Amino acid sequence: MEISKLAGLVGERVRLTGWLYNKRGSKKLAFLEVRDGTGVVQCTVAQADVPDATWQAAAEVTQESALEVEGEVRAHPRRASEVELGVTSLRVTAPSVEYPISPKEHGTDFLMDHRHLWLRSRRQHAILGVRHSIVRAIRDFFDTRGFTLVDAPIFTPNACEGTSTLFETEYHGDTAYLTQSGQLYMEAAAAALGKVYCFGPTFRAEKSKTRRHLAEFWMVEPEVAFLDLDGDMQLAEDLLCAIVARVLDARRTELALLERDLAPLERVQGPFPRISYRQAIDVLREAGHDAKFGDDLGADEETLVSQRFDRPVIVHRYPSEAKAFYMKRDPTAPELALCMDVLAPEGYGEIIGGGQREDDLAALEARIDAHHLPRAAFDWYLDLRRYGSFPHAGFGLGVERTVAWLCGLPHVRETIPFPRMLNRLAP
RNA sequence: UCCAGCGUAGCUCAGUCGGUAGAGCAGGCGGCUGUUAACCGCCGGGUCCCUGGUUCGAGUCCAGGCGCUGGAGCCA
């Protein structure tokens, strides 16, 4: 029987399998907190009610030992909403000797060294549950809107935004890189299937050491044929609303355990404010910041802008100068790119980046040259402009940043089961 | 790569003015019939990150190194 299903079984005899989460007790009474992955339940052993062997097992069982326990489900005498198990039989099936993670506090580095065990804690359990719901919400959102999932390759032959940020590897005598975006492949797929998305791991070799960066993270990247920037922003807004609504609906318990304030999440409803980069610069100047046109928005600037709004804000039309070669320029203002970022509230920053793609062959060729990229490597990509070029747009959503935001976590490292960071490749 | 902080028991930390090492948790033993990171008593447990320097004497001060953490840049 699963612990999550015990609530409706008061009065019934059940058998559980799981691990000892924590233990308290006295001479004649033991309280075993047992977890099985679905939940945690207090199992009470009274010396007077069980055979000597069972009492002995209860007295000696250590934290995280695997065990089998039988007993009667009954109301918790102290906590009205909970049940407990009155134990009749207990068997330790595999002992756990000196479990490293004690019930007291630990430092992050120690916990990360024991990440494989840390995952067993209530808090990590809650975070991974929220992550799972976010992934499900993303898939459901696209699948019910007629999108086709198209997996992008992990090995790629070339850089799409410069090689310094890519992990390099040997590939049968050639150099290959680990993908930093599936976008270029999604553009090809959009020409085949209209509305597509990829969802997979992405790799960045930048030596970033911040609470927002991982070397390996998961990204969902939709790409839609015949969609413009306005449609792209609407798609991003709809997606975020769907994700937040799903998590609020399905993960109340987990959010409560994480002590997440729900009010800011409940405000995440369309329409999101949309401001241009130029307006964002004005906002910064009003706030006393000496920003000028052409400056990139750093982390502090993003926070300042997003603090002006009570929900995610979309910033669009950045100067094309600093943007990737594939971004289409605004026909009414060539110094601007038809791109957009979505900034999450509460200081969580950029969670989406995207925009409309350059669909003019000559313009794209010129941009590739201007960025000193090898044109031959992009020949297949240019084919998409040679054979029935089409306006199209898309974006990338960072899953870990979204998990951190919805869970209210200060750092992305707990949002992924086994984080890969500048100084962490293990476990 | 740059800036800042930290490094003491298995873990989390304290350690005053430079005088020779301390608490809680974890582990062991004992006590307690309703505990909630249970509690109470006792016990064992140290390469004070490393190297060098100053000093009669360094966990403490100085220099260099290593490691970790946070931030910047870059981005999702």
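In what follows, every heavy atom counts, from backbone to side chain, and hydrogens, waters and symmetry copies are set aside. Treat the numbers as computed from the prediction; the structure is a model and nothing was measured. Residue numbers start from 1 in every chain, and the chains themselves are labelled A, B, ... in the order their sequence lines are given, proteins ahead of strands.
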Handout entry: Donor-acceptor under 3.5 Å (A/Thr148 side chain, A/Val196 main chain)
Key = no
Practice task
May I ask you to check whether A/Glu187 and A/His392 show a side-chain donor-acceptor distance below 3.5 Å?
Solution key: yes
Practice task
Starting at the 5' end of nucleotides 28-35 of chain B, put B wherever the base has a protein heavy atom under 4.0 Å, S where only the sugar-phosphate does, and a dash everywhere else.
Solution key: ---SBBBB
Problem - G-U wobble or Watson-Crick pairing nucleotide for B/G64 (cut-off 3.5 Å, both distances) - result: B/C50
For nucleotides 5-15 of chain B, tabulate all protein N/O to nucleotide N/O atom pairs closer than 3.5 Å, reporting atom names and distance.
residue, atom, partner, partner atom, Å
B/C11, O2', A/Glu105, O, 3.3
B/C11, O2', A/His106, ND1, 2.3
B/U12, OP1, A/Gly107, N, 3.1
B/U12, O4', A/Glu105, O, 3.2
B/U12, O2', A/Glu105, OE1, 3.2

Practice task
For the residue pair A/Thr202 and A/Glu216, confirm or rule out a side-chain donor-acceptor distance under 3.5 Å.
Solution key: no
Handout entry: Complement of B/C32, any strand, by Watson-Crick or G-U distances under 3.5 angstrom
Key = none
Practice task
Could you tell me whether A/Phe272 and A/Phe309 have their ring centroids closer than 6.0 angstrom?
Solution key: no
Practice task
Both distances under 3.5 Å, Watson-Crick or G-U wobble: report the partner of B/G45, or none.
Solution key: none
Exercise for the section: Would you mind classifying the nucleic acid contact of A/Arg424 as base, sugar-phosphate or nothing, using non-hydrogen atoms under 4.0 angstrom? Expected result: nothing
Practice task
Kindly say whether, by distance alone, the side chain of A/Ser208 makes a donor-acceptor pair under 3.5 Å with the base of B/C74?
Solution key: yes
Practice task
Provide the distance between the two P atoms, one in B/U69 and one in B/G22, to the nearest whole Å.
Solution key: 31 Å
Practice task
Quote, to the nearest angstrom, the C1' distance that separates B/G45 from B/C6.
Solution key: 25 Å
